[in-house]
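Along the sequence shown, the residues carry numbers beginning at 1.
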Amino acid sequence: GYFRKTDYDSLLYKTERYVGVCAPDYPFVKKPRQISDLLGETLIVRESGSGNREIITRSLSRQNLDLSDFHSVFEVGDMNVCMLIKGCGIGFLYEAAVKDDIKSGRLREMELCDFQESHDITMIWRKGSIFSDRYRSLYEQLKG
């Protein structure tokens, strides 16, 4: 998600694509070519305050759209892909989170001409933390 850089020290882990996904046989109201074609669908999103929700909310706002513009919005506390696989709606997630499901055919990426999002995955901790050296060491191990 997003964080106030003035409050935290941070190290960029990687930048990850953010993609729209659905069940392979999801019955779209209208064949999706752009984000506005999805407004007749049920959008599955995380709860308020979630970084995942913030990413899609900001992306939509750049196109003068809002979550409320969708036919219906289903809010979940954990973005488990099972609801997407079962065809309960569409969703937007980090590509890394759904890569295996797309590769296996359990999900498919929605190819949208006006939606090319990416977002940084960043390791963060409070500025001045006594554990800063440990966090940096852990970061180096993970990047390894």
Side-chain angles (χ1 to χ4, degrees), residues 1-26 28 32-144:
Y2 297 90
F3 61 96
R4 293 182 56 167
K5 293 185 179 188
T6 56
D7 295 342
Y8 296 92
D9 285 324
S10 63
L11 291 167
L12 174 64
Y13 182 67
K14 66 179 177 174
T15 300
E16 187 69 38
R17 282 184 66 226
Y18 197 70
V19 298
V21 292
C22 62
D25 58 349
Y26 184 82
F28 287 100
R33 298 189 193 298
Q34 55 192 24
I35 197 88
S36 62
D37 294 334
L38 298 173
L39 299 179
E41 309 301 334
T42 296
L43 177 64
I44 301 172
V45 296
R46 288 285 310 271
E47 75 282 358
S48 292
S50 161
N52 183 286
R53 182 183 181 124
E54 184 70 19
I55 294 168
I56 190 58
T57 300
R58 288 186 185 201
S59 179
L60 289 169
S61 72
R62 286 192 290 276
Q63 296 189 44
N64 201 30
L65 295 171
D66 186 75
L67 295 177
S68 64
D69 293 324
F70 284 82
H71 170 69
S72 60
V73 176
F74 190 80
E75 188 176 291
V76 295
D78 179 14
M79 194 58 148
N80 187 317
V81 297
C82 291
M83 293 183 72
L84 297 169
I85 291 170
K86 292 181 180 187
C88 297
I90 62 170
F92 293 85
L93 297 157
Y94 285 113
E95 183 178 38
V98 293
K99 176 175 36 177
D100 291 340
D101 292 306
I102 291 171
K103 186 175 181 180
S104 71
R106 289 188 299 268
L107 287 176
R108 72 175 159 128
E109 182 178 345
M110 297 179 289
E111 308 268 338
L112 304 169
C113 66
D114 61 349
F115 188 84
Q116 288 82 38
E117 291 290 326
S118 61
H119 190 74
D120 292 342
I121 297 176
T122 308
M123 185 173 187
I124 66 170
W125 61 93
R126 286 275 181 197
K127 280 197 179 293
S129 170
I130 61 172
F131 301 108
S132 290
D133 290 340
R134 288 186 188 175
Y135 297 143
R136 289 181 192 283
S137 176
L138 177 60
Y139 171 82
E140 292 302 325
Q141 291 174 28
L142 291 171
K143 276 301 262 192

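- Judged by distance alone, with hydrogens and angles left aside, the side-chain atoms of Arg46 form no donor-acceptor pair with the main-chain N or O of Arg53 at under 3.5 Å.
- Across all their heavy atoms, Gly105 and Pro24 have their closest contact at O-CG, 3.0 Å.
- At least one side-chain heavy atom of Val21 sits under 4.5 Å from a side-chain heavy atom of Ile102.
- Figure legend: cation-pi geometry between Arg58 and Tyr2, with NZ or CZ positioned under 6.0 Å from the six-membered ring centre and within 45° of its axis.
- In this structure, the separation between CD1 on Ile44 and CD1 on Ile56 is 13.0 Å, given to the nearest 0.5 Å.
- Among all heavy-atom pairs drawn from Gly91 and Leu84, the shortest one is N-CD2, 3.5 Å.
- Atom CG of Leu43 is separated from atom CD of Glu75 by 11.0 Å, given to the nearest 0.5 angstrom.
- Contact of the Glu109 side chain with the Arg17 side chain is registered, since non-hydrogen atoms from C-beta on lie closer than 4.5 Å.
- Side-chain contact check for Tyr94 versus Ile55: some heavy-atom pair is nearer than 4.5 Å.
- Side-chain atoms of Gln63 come within 3.5 Å of backbone atoms of Asp114 as a donor-acceptor pair (strictly under, hydrogens ignored).
- Heavy atoms only, all atoms of each residue included: Glu16 and Ala96 are closest at OE2-N, 3.0 Å.
- Between Gln141 and Ser137 the shortest side-chain heavy-atom distance falls below 4.5 Å.
- A donor-acceptor contact shorter than 3.5 Å is absent between the side chain of Ser129 and the backbone of Trp125.
- One finds the NZ atom of Lys14 at 5.5 Å from the CD1 atom of Ile121 (value rounded to the nearest 0.5 Å).
- Looking at heavy atoms from C-beta onward, Leu65 lies in side-chain contact with Ile35 at the 4.5 angstrom threshold.
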Legend entry - Derivation of the side chain to side chain contact (heavy atoms under 4.5 Å, CB included) call for Thr42 and Val73: CA-CA 6 Å; Thr42 296; Val73 176; over 6 Å; no
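- Side-chain contact check for Val76 versus Glu47: every heavy-atom pair is 4.5 Å or farther apart.
- Distance check, rounded to the nearest 0.5 Å: CG of Leu60 to CD of Glu117 gives 9.0 Å.
- Val19 pairs with exactly one of Leu93, Leu107, Val98 by the side-chain contact (heavy atoms from CB on, under 4.5 Å) rule, that one being Val98.
- Each ring pair (Phe, Tyr, Trp, His ring centres under 6.0 Å) pair with one or both residues in residues 43-66, not counting sequence neighbours, would appear here, but there are none.
- Residue pairs meeting the salt bridge (charged side-chain N to carboxylate O under 4.0 Å, His left out) criterion with at least one partner in residues 126-144, sequence neighbours excluded, are Asp9-Lys127.
- When atom types are taken as modelled, the side chain of Asp120 and the backbone of Thr122 share no donor-acceptor pair closer than 3.5 angstrom.
- With sequence neighbours excluded, no residue forms a side chain to side chain donor-acceptor pair (under 3.5 Å) with Ser118.
- Side-chain contact between Cys22 and Phe28 is present, with at least one heavy-atom pair separated by less than 4.5 Å.
- Rounding to the nearest 0.5 angstrom, the gap separating the OG atom in Ser59 from the CD atom in Glu54 is 11.5 Å.
- No more than 12 heavy atoms of other residues, nucleotides or ligands sit less than 6.0 Å from atom CZ of Arg4.
- Inter-residue side-chain proximity for Phe92 and Met110 is flagged as met; some heavy-atom pair is nearer than 4.5 Å.
- Proximity of a side-chain donor or acceptor of Glu41 to a complementary backbone N or O of Asp37 within less than 3.5 Å is not detected.
- Within 6.0 Å of atom CZ in Phe74, 12 or fewer heavy atoms from other residues, nucleotides or ligands are found, so the atom counts as exposed in its surroundings.
- Separation of atoms OH (Tyr18) and CZ (Phe115) is listed at 6.5 Å; rounding is to 0.5 Å.
- Ring geometry, Tyr13 versus Tyr139: the interplanar angle exceeds 60°, so the pair is classed perpendicular (tilted spans 30 to 60°).
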